[in-house]
**Q** 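This is the structure I want to talk about, given as structure tokens.
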Amino acid sequence: MPVNGYTVGRDITVTIVNSLGAISSFAVRTGFSKRQETNDIKVKRADGTVDHLQIPDGWSGTLDYERNGSALDDYFADLETAYYGGVNIGSGSIVETITEPDGSVSQYTYTGVQMKLSDGGSQTGDNTIKMKLDWVASRRKKTA
């Protein structure tokens with residue numbers, strides 16, 4: 001729940017839906033980041049004034065996990081097997097649900113999502129294995 005009127009990370013749930021079915025969590029999710037991508041255009045007028053255009057160009061981000069089983073590794077192994085087996089790998093979506101400080105719920109759906117395992121983790125001594133999944137999306141829409 002929110003703390004002192006601020007949204008904290010535990011107020012957000014992330015559900016991944018992809019061509020292989022709905023996945024709510026691969027492992028212990030420790031982070032979710034998102035950023036809007038834009039096509040930045042400068043228009044320099046004859047009088048010297050510069051207009052800046054920010055054209056929406058998708059979204060991108062990361063999902064951070066602590067490994068607690070083989071689900072994430074298995075998912076990407078299955079995707080690779082499907083690809084080399086000639087299976088069409090469709091895009092998916094990410095649904096981000098936020099409990100707001102006033103108790104209301106906001107929900108955003110990222111569509112046209114493609115993901116890759118950008119960091120499968122380092123296995124060192126007594127440390128946990130941190131994994132990172134990068135994602136890109138075509139669009140984000142407010143769904144609630």
Side-chain angles (χ1 to χ4, degrees), residues 1-44 49-144:
M1 291 304 299
V3 177
N4 202 24
Y6 292 94
T7 302
V8 295
R10 66 183 338 167
D11 298 329
I12 299 168
T13 60
V14 176
T15 303
I16 299 169
V17 181
N18 54 48
S19 60
L20 300 180
I23 300 170
S24 58
S25 180
F26 289 112
V28 178
R29 184 177 58 84
T30 58
F32 172 69
S33 70
K34 63 194 177 222
R35 64 190 155 278
Q36 183 184 33
E37 302 291 333
T38 59
N39 182 7
D40 303 336
I41 300 171
K42 283 182 169 181
V43 177
K44 190 159 190 176
T49 304
V50 177
D51 290 332
H52 296 272
L53 309 177
Q54 302 282 322
I55 311 299
D57 199 23
W59 288 78
S60 63
T62 61
L63 287 152
D64 299 312
Y65 293 97
E66 293 282 340
R67 192 177 194 283
N68 71 343
S70 66
L72 192 55
D73 285 314
D74 292 348
Y75 172 75
F76 283 100
D78 291 346
L79 271 183
E80 190 171 339
T81 298
Y83 172 79
Y84 285 110
V87 175
N88 179 33
I89 308 298
S91 62
S93 60
I94 295 175
V95 179
E96 175 189 24
T97 306
I98 306 165
T99 301
E100 302 293 356
D102 65 3
S104 65
V105 174
S106 296
Q107 191 172 72
Y108 302 92
T109 300
Y110 302 83
T111 59
V113 172
Q114 292 289 321
M115 301 179 296
K116 69 178 180 181
L117 184 61
S118 58
D119 187 349
S122 295
Q123 298 85 35
T124 58
D126 293 331
N127 293 321
T128 59
I129 299 171
K130 297 175 186 332
M131 303 174 86
K132 184 177 292 279
L133 186 153
D134 288 346
W135 60 271
V136 292
S138 301
R139 300 222 20 220
R140 179 179 86 153
K141 298 178 183 178
K142 185 170 175 78
T143 49

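The first residue in the sequence is number 1, and the count goes up from there.
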**Q** Do other residues, nucleotides or ligands put more than 12 heavy atoms under 6.0 Å from Glu80 CD?
**A** no

**Q** Give me the atom names and distance for the closest heavy-atom approach of Tyr65 to Leu72.
**A** CD1-CD2, 3.9 Å

**Q** Given Thr128 and Arg67, is the side chain to side chain contact (heavy atoms under 4.5 Å, CB included) satisfied, shown in steps?
**A** CA-CA 7 Å; Thr128 59; Arg67 192 177 194 283; over 6 Å; no

**Q** What is the distance from atom OG of Ser118 to atom CG of Leu133, rounded to the nearest 0.5 Å?
**A** 7.0 Å

**Q** For the atom pair NZ (Lys44) and CG (Asp51), what is the distance rounded to the nearest 0.5 Å?
**A** 12.0 Å

**Q** Taking all heavy atoms of Ile129 and all of Gly120, pick out the closest pair and write down the distance.
**A** CG2-O, 3.9 Å

**Q** For Pro56 and Gln36, work out which heavy atoms get closest and say how close.
**A** CB-NE2, 4.3 Å

**Q** Pro101 and Gly5: which non-hydrogen atoms are nearest, and at how many Å?
**A** CG-O, 3.4 Å

**Q** For Asp40 and Gln54, run side chain to side chain contact (heavy atoms under 4.5 Å, CB included): C-alpha distance rounded to whole Å, both residues' side-chain angles, the deciding distance at 0.1 Å, then the answer.
**A** CA-CA 5 Å; Asp40 303 336; Gln54 302 282 322; 2.8 Å; yes

**Q** Which value, rounded to the nearest 0.5 Å, describes the distance between Ile16 atom CD1 and Glu96 atom CD?
**A** 12.0 Å

**Q** Give a yes or no on whether the backbone of Val8 and the side-chain of Asp11 come within a donor-acceptor separation of less than 3.5 Å.
**A** yes

**Q** Would you sort out whether Leu63 and Arg29 count as a side chain to side chain contact (heavy atoms under 4.5 Å, CB included), showing the intermediate values?
**A** CA-CA 7 Å; Leu63 287 152; Arg29 184 177 58 84; 3.8 Å; yes

**Q** Given side chains that start at C-beta, do those of Lys34 and Arg140 come closer than 4.5 Å, heavy atoms only?
**A** yes

**Q** Does the side chain of Thr111 pick up a donor-acceptor pair with the side chain of Ser138 at under 3.5 Å?
**A** no

**Q** CG of Leu53 to NZ of Lys42: how many Å apart, nearest 0.5 Å?
**A** 11.5 Å

**Q** Check the pair Met115, Leu79 against side chain to side chain contact (heavy atoms under 4.5 Å, CB included), reporting the backbone distance first and the verdict last.
**A** CA-CA 10 Å; Met115 301 179 296; Leu79 271 183; 5.9 Å; no

**Q** Tell me, do Val113 and Asn18 make a side-chain contact under 4.5 Å, heavy atoms counted?
**A** no

**Q** What salt bridge (charged side-chain N to carboxylate O under 4.0 Å, His left out) pairs are there with at least one residue in residues 124-137, not counting sequence neighbours?
**A** Asp64-Lys132, Glu66-Lys130

**Q** When the ring planes of Trp59 and Tyr110 are compared, do they come out parallel, tilted or perpendicular, using 30° and 60° as the limits?
**A** perpendicular

**Q** Holding to side chain to side chain contact (heavy atoms under 4.5 Å, CB included), I want the full list of residues that pass it with Lys141, two or more places apart in sequence or in another chain.
**A** Arg139

**Q** What do you reckon, is NZ of Lys142 surrounded by more than 12 foreign heavy atoms closer than 6.0 Å?
**A** yes

**Q** Give every donor-acceptor pair under 3.5 Å between a side-chain atom in residues 83-94 and any protein atom, sequence neighbours left out.
**A**
none

**Q** Roughly how far, to the nearest 0.5 Å, is CD1 of Ile41 from CD1 of Ile55?
**A** 5.0 Å

**Q** Answer whether the closest heavy-atom distance between the side chains of Leu117 and Tyr75 falls below 4.5 Å.
**A** no

